[in-house]
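Worksheet: the structure to be examined is printed underneath.
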Amino acid sequence: MSLSKMIKVPIDMLDSCDGVVAKEVVAPDGVVMLPMGVDISLFEASISLLIKKMRGYGIEYIYINPPQQLSEDDIEEILQKVYSDDDLLIDKQKARDVVKHVDNVFNNIRAEDDIRPEMLDALTNMGSSLTEDLLRNPSVTLSLGQVKAADEYTFVHSFNVAVLTGYLANKLRPGDEKYLHKMVLGGLMHDLGKAKIPLDILNKPAPLSKDEFAQMRRHPEIGVSLAMKSGVQDRDILGIIGGHHEKWGGKGYPNRRKGKDIPEVARVAAVADVFDALTARRVYKSAMPSRDAVTLILNDAGTHFDPKVARAMLVSLGLYPPGSIVSLSDGRVGVVISGGGKDLVRPVVMLVDPKGKKDAGGVPNFIDLKNEKSLCITSYLGQGDKRELGV
Ligand SMILES: [Fe+2]
């Protein structure tokens, strides 16, 4: 694998150009117009304005590192190494257990056409254990795609939403363990009402018809009554189950609630729900890369999503979400392990060589780019498909 060198691009050609800014562009007043390491495509919406400004300052060229490509084999080998590192992920057996328990809850409700309080016991215990993992593990979002099975989407989705909802909750209210715990439980149970939706609709390998969609839209309310019947009384958990399809602009369901009338917990779960749905591979659609899903959610901030929550997601996942493969300015290649907080282009990266070894000695070598100002990301090389656990 060879990484090509930066190129000089006339500013008028920026709108038809892909790549990462190789040299910071600074206005005469010292304001950074284009930070080094930022993907030029992120300025898509404002590129004409930016070009106009740069022209006004007499800037004629900028330097860009063109997009690089790794072969699929290289990507596969790199990710194999990262995802085989148990320390970085939620315990695989635990992830499988969570999915199995969600599966059991749904099947029991279907079999008995009812819910009993003890049906949720195991799930509640798993929620506590997941909460502890979330508090301990900074790279937990790497675990999002850990479990996957095409025909068990609802159960896998519940696991992913629980992890991401909890992760976001921890960013919004750092250290509030009780809040985090409730968010994880709410995430696990958010689609409980789907246990009452006919399987041919639930597992339909294609978009739903109008009638089918109308039935599907009942699942938040059904979920709330099932949860209450099984003894769930917590307002936040019920808020997630009943409100995760409401939209900030008031066009969601079931109650078309708007803005802060939607419980905050539901606004957080809504972001997690859509993020996982976008990045999941289904029978009828391929998986969207995480960074595209982040961009899409940001575009819908203020209409579908609470802008504060969408921003929290951007800050937590960064412009290079965990799992992104990137090259650094010194030529090394790494996989992003966790977001860089407020500095979106400076995440924590685990170095790998192009053949996927963590480093010469096989020991993980992490670089927190926030602390290594002489280094920056020069290219986004891609992102592997979600990992599969084979449940
Ligand atoms: Fe839902």
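The analysis underlying the following values was restricted to heavy atoms, covering all of them including side chains, and did not include hydrogens, waters or symmetry mates. For ligands, and for the atoms within them, numbers begin at 1 and follow the listed sequence. What you see is a predicted model; the values in this text were computed from it and never measured.
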Q: Write out all pairs satisfying ring-ring contact (aromatic ring centres under 6.0 Å, His included) with one or both partners inside residues 91-112, taking only residues at least two apart or from two chains.
A: Phe106-Phe155
Q. Is Arg55 salt-bridged to Asp12, cutoff N-O under 4.0 Å?
A. yes
I'd like a table of donor-acceptor pairs (distance under 3.5 Å, sequence neighbours excluded) in which one partner is a side-chain atom from residues 173-181, with atom names and distances.
residue, atom, partner, partner atom, Å
Arg173, NH2, Glu264, OE1, 3.2
Asp176, OD1, Tyr179, N, 3.2
Tyr179, OH, Glu264, OE1, 2.4
His181, NE2, Ser128, OG, 3.2

Q. Quick one: do the Thr378 and Ser327 side chains pair a donor with an acceptor below 3.5 Å?
A. yes
Q: Give the total of protein N/O/S atoms at a distance below 2.8 Å from the Fe ion (ligand 1).
A: 4
**Q.** Partners meeting side-chain hydrogen bond (donor to acceptor under 3.5 Å, both in side chains) with His219 (sequence neighbours left out)
**A.** Asp191, His244, His245
Q.
Check Lys370 with Asp368, please: is the shortest side-chain N to carboxylate O separation under 4.0 Å?
A. yes
